[in-house]
Novice: 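Would you mind keeping the following structure in view while I ask a few things?
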Amino acid sequence: MKLCLWICLLAVLPAQALQLTDDRGVNVSFAQTPQRIVSLLPSLTESVCELGQCARLVAVDRYSNFPDSVRTLPQVGGGLDPNIEAIVALRPDVVLLATASRASARLEALGIKVVALEPKTYKDVQRVLGKLGQLLQVADAERIWRNIDAAVSAAAQSLPARVKNTRVYFEVNSAPYAAGSTSFIGETMARLGVQNIVPPALGPFPKLNPEFVVRANPDLIMVGDRNALGLEQRPGWAGIRAIREKRICVFTTAQSDTLVRPGPRMAEAARTMAACLQDKAP
């Protein structure tokens with residue numbers, strides 16, 4: 001009889017309330033664990049799925065394309081300026097977005113819970129996985145991070161000594177924007193034992209004067225296929241050692257997506273960069 005009463009009591013108790021502080025420093029409270037989630041940042045979409053909670057996603061931004069299951073979800077525009085009406089119509093329990101998104105205030109004014117999380121470094125990725133684990137009541141977020149971190153270390157250990165200290169230029173966009181030493185991509189490069197030609201003082205993703213790359217004269221260039229055409233036609237670039245000796249790794253669009261997203265696939269990104277170094281480093 002007592003057991004029956006206890007089970008009945010549990011059945012009518014409200015789900016456990018929770019509170020977390022997002023990357024804006026805003027405290028967000030929930031009466032229960034969110035079940036309907038809109039994600040407006042690919043790295044957050046991938047993190048939710050890595051935590052085993054893909055089924056809670058009801059919509060994503062137009063750039064979220066991994067894992068394959070999210071491709072069937074409604075898309076609600078870009079992450080920085082999404083379709084607010086479409087989001088509200090989905091009745092989400094929470095919207096996950098970047099701190100730079102202009103949508104936060106508008107969504108909150110309409111009574112939609114917002115959590116802004118924007119990983120930019122390895123420590124950020126670890127922290128964001130922990131926050132999402134807290135939000136979604138997933139207990140093993142730290143284990144997932146440890147597996148990612150260990151796999152990056154394994155990729156570094158797989159490289160022969162000859163590739164160490166290779167001077168690398170990683171182009172993120174053809175403006176040209178580069179991955180600097182303080183970016184998560186730069187952190188991966190450092191863990192692989194290579195030298196980034198972009199110093200920390202220039203920031204994580206600086207727009208460079210093309211002449212800077214000419215003067216730096218990298219041994220190897222990493223670039224996505226969307227930006228690889230015409231590198232040698234840029235003024236002075238034909239004389240860069242990497243171009244002269246054809247030491248250029250051109251990544252597919254799918255590989256580029258993996259490389260530029262600070263999230264669960266950082267280990268895969270490290271392996272992709274390691275394979276490039278194995279093949280093309282002097």
Side-chain angles (χ1 to χ4, degrees), residues 16-30 32-34 37-54 56-57 60-61 63-64 66-67 70 79-80 92-101 103-104 107-108 113-156 172 179-192 196 200 203-205 257-270 273:
Q16 185 178 4
L18 62 96
Q19 183 179 65
L20 60 79
T21 304
D22 72 5
D23 286 357
R24 301 170 297 170
V26 175
N27 291 318
V28 189
S29 300
F30 297 88
Q32 59 186 25
T33 306
I37 301 169
V38 172
S39 174
L40 300 180
L41 190 65
S43 61
L44 297 181
T45 302
E46 294 182 19
S47 295
V48 168
C49 290
E50 186 69 18
L51 290 167
Q53 304 303 312
C54 247
R56 298 199 207 186
L57 292 169
V60 294
D61 67 290
Y63 302 108
S64 288
F66 186 89
V70 307
L80 294 180
D93 298 324
V94 67
V95 176
L96 304 176
L97 42 64
T99 55
S101 177
S104 297
L107 288 168
E108 287 170 331
K113 300 277 189 181
V114 168
V115 171
L117 299 168
E118 194 160 354
K120 297 178 181 178
T121 65
Y122 271 62
K123 284 190 174 181
D124 286 342
V125 173
Q126 180 182 12
R127 176 180 50 75
V128 166
L129 278 170
K131 292 273 188 184
L132 289 173
Q134 177 188 352
L135 178 66
L136 304 177
Q137 299 290 281
V138 175
D140 61 350
E142 185 58 34
R143 178 189 61 79
I144 290 171
W145 167 252
R146 287 197 301 270
N147 290 343
I148 295 168
D149 193 50
V152 173
S153 295
V172 177
S181 301
T182 58
S183 69
F184 65 93
I185 297 172
E187 288 181 276
T188 299
M189 291 166 66
R191 290 185 64 168
L192 294 176
N196 192 331
F205 294 104
D257 283 348
T258 302
L259 288 160
V260 302
R261 293 178 182 174
R265 292 195 289 164
M266 286 167 64
E268 182 181 338
M273 293 171 71

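The first residue of the sequence shown is numbered 1, and numbering continues consecutively from there. Source: prediction; values computed, not measured.
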Novice: Carefully, step by step, assess Asn27 and Thr21 under the rule side-chain hydrogen bond (donor to acceptor under 3.5 Å, both in side chains).
Specialist: CA-CA 4 Å; Asn27 291 318; Thr21 304; 2.4 Å; yes

Novice: Consider side-chain contact (heavy atoms from CB on, under 4.5 Å). Of Val38, Val94, Val95, which one does Leu107 pass it with?
Specialist: Val95

Novice: Nearest heavy-atom pair of Arg191 and Ala156: which atoms, and what distance?
Specialist: O-CB, 3.1 Å

Novice: Would you check if Asp61 and Pro42 make a side-chain contact, meaning some heavy-atom pair closer than 4.5 Å?
Specialist: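 They are in contact (side-chain heavy atoms under 4.5 Å apart), so the answer is yes.
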
Novice: Would you mind reporting whether Cys54 and Val70 have side-chain heavy atoms less than 4.5 Å apart?
Specialist: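 They are in contact (side-chain heavy atoms under 4.5 Å apart), so the answer is yes.
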
Novice: Let me see the working for Thr188 and Tyr122 under side-chain hydrogen bond (donor to acceptor under 3.5 Å, both in side chains), right down to the final yes or no.
Specialist: CA-CA 9 Å; Thr188 299; Tyr122 271 62; 2.6 Å; yes

Novice: Check whether Ser64 reaches the backbone of Val60 with its side chain - one donor and one acceptor, N or O, closer than 3.5 Å.
Specialist: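 No, Ser64 side chain to Val60 backbone: no donor-acceptor pair under 3.5 Å.
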
Novice: Hey, does Val138 have a side-chain heavy atom less than 4.5 Å from the side chain of Leu132?
Specialist: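 No - every pair of side-chain heavy atoms lies 4.5 Å or more apart.
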
Novice: Are Pro264 and Ile144 close enough that some pair of their side-chain heavy atoms sits under 4.5 Å apart?
Specialist: no

Novice: Do Phe30 and Leu135 come within less than 4.5 Å of each other through their side chains, counting heavy atoms only?
Specialist: yes

Novice: So do the side chains of Ile148 and Leu129 get within less than 4.5 Å of each other, counting heavy atoms only?
Specialist: yes

Novice: Which atoms form the tightest heavy-atom contact between Leu18 and Gln134, and what is the distance?
Specialist: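 Residues Leu18 and Gln134, closest heavy atoms: CD2-O, 4.2 Å.
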
Novice: Kindly give the heavy-atom pair with the smallest separation between Asn196 and Gly186, and that separation in Å.
Specialist: ND2-CA, 4.1 Å

Novice: Using a strict cut-off of less than 4.0 Å between a Lys/Arg side-chain nitrogen and an Asp/Glu carboxylate oxygen, indicate whether Arg127 and Glu142 qualify as a salt bridge.
Specialist: no

Novice: Is it true that Arg146 and Asp149 make a salt bridge, defined as a side-chain N closer than 4.0 Å to a carboxylate O?
Specialist: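 No, this pair does not count.
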
Novice: Examine distances only and state if a side-chain atom of Asp22 and a backbone atom of Ala116 form a donor-acceptor pair shorter than 3.5 Å.
Specialist: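 Pair found, side chain donor or acceptor close to backbone of Ala116.
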
Novice: Any side-chain heavy-atom pair from Asp93 and Lys113 closer than 4.5 angstrom?
Specialist: no

Novice: Could you pull out the closest heavy-atom pair between Phe205 and Phe184, with the gap in Å?
Specialist: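 Answer, listing the atom of Phe205 first, then Phe184: CZ-CE2, 3.8 Å.
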
Novice: With a 3.5 Å distance limit and no angle check, can you tell me whether Ser183 reaches the backbone of Gly180 through a side-chain donor-acceptor pair?
Specialist: yes

Novice: Do you know which two heavy atoms are closest between Leu136 and Pro34, and how far apart they sit?
Specialist: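 For Leu136 and Pro34, the tightest heavy-atom pair comes out as CD2-O, 4.4 Å.
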
Novice: Is Val115 close to Leu96 at the side-chain level, that is, under 4.5 Å between some pair of heavy atoms?
Specialist: yes

Novice: Looking at residues at least two apart in the chain, or sitting in another chain, which of them share a salt bridge (Lys or Arg N to Asp or Glu O under 4.0 Å) with Arg143?
Specialist: Asp140

Novice: Can you sort out the partners of Arg56 under salt bridge (Lys or Arg N to Asp or Glu O under 4.0 Å), two or more places apart, ordered by chain and number?
Specialist: none

Novice: Taking all non-hydrogen atoms of both residues into account, name the closest pair between Asp23 and Glu118 and its distance.
Specialist: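 Nearest pair, atom of Asp23 first, then Glu118: OD2-N, 2.9 Å.
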
Novice: For Glu46, check salt bridge (Lys or Arg N to Asp or Glu O under 4.0 Å) against everything at least two apart and list the hits.
Specialist: Arg261, Arg265

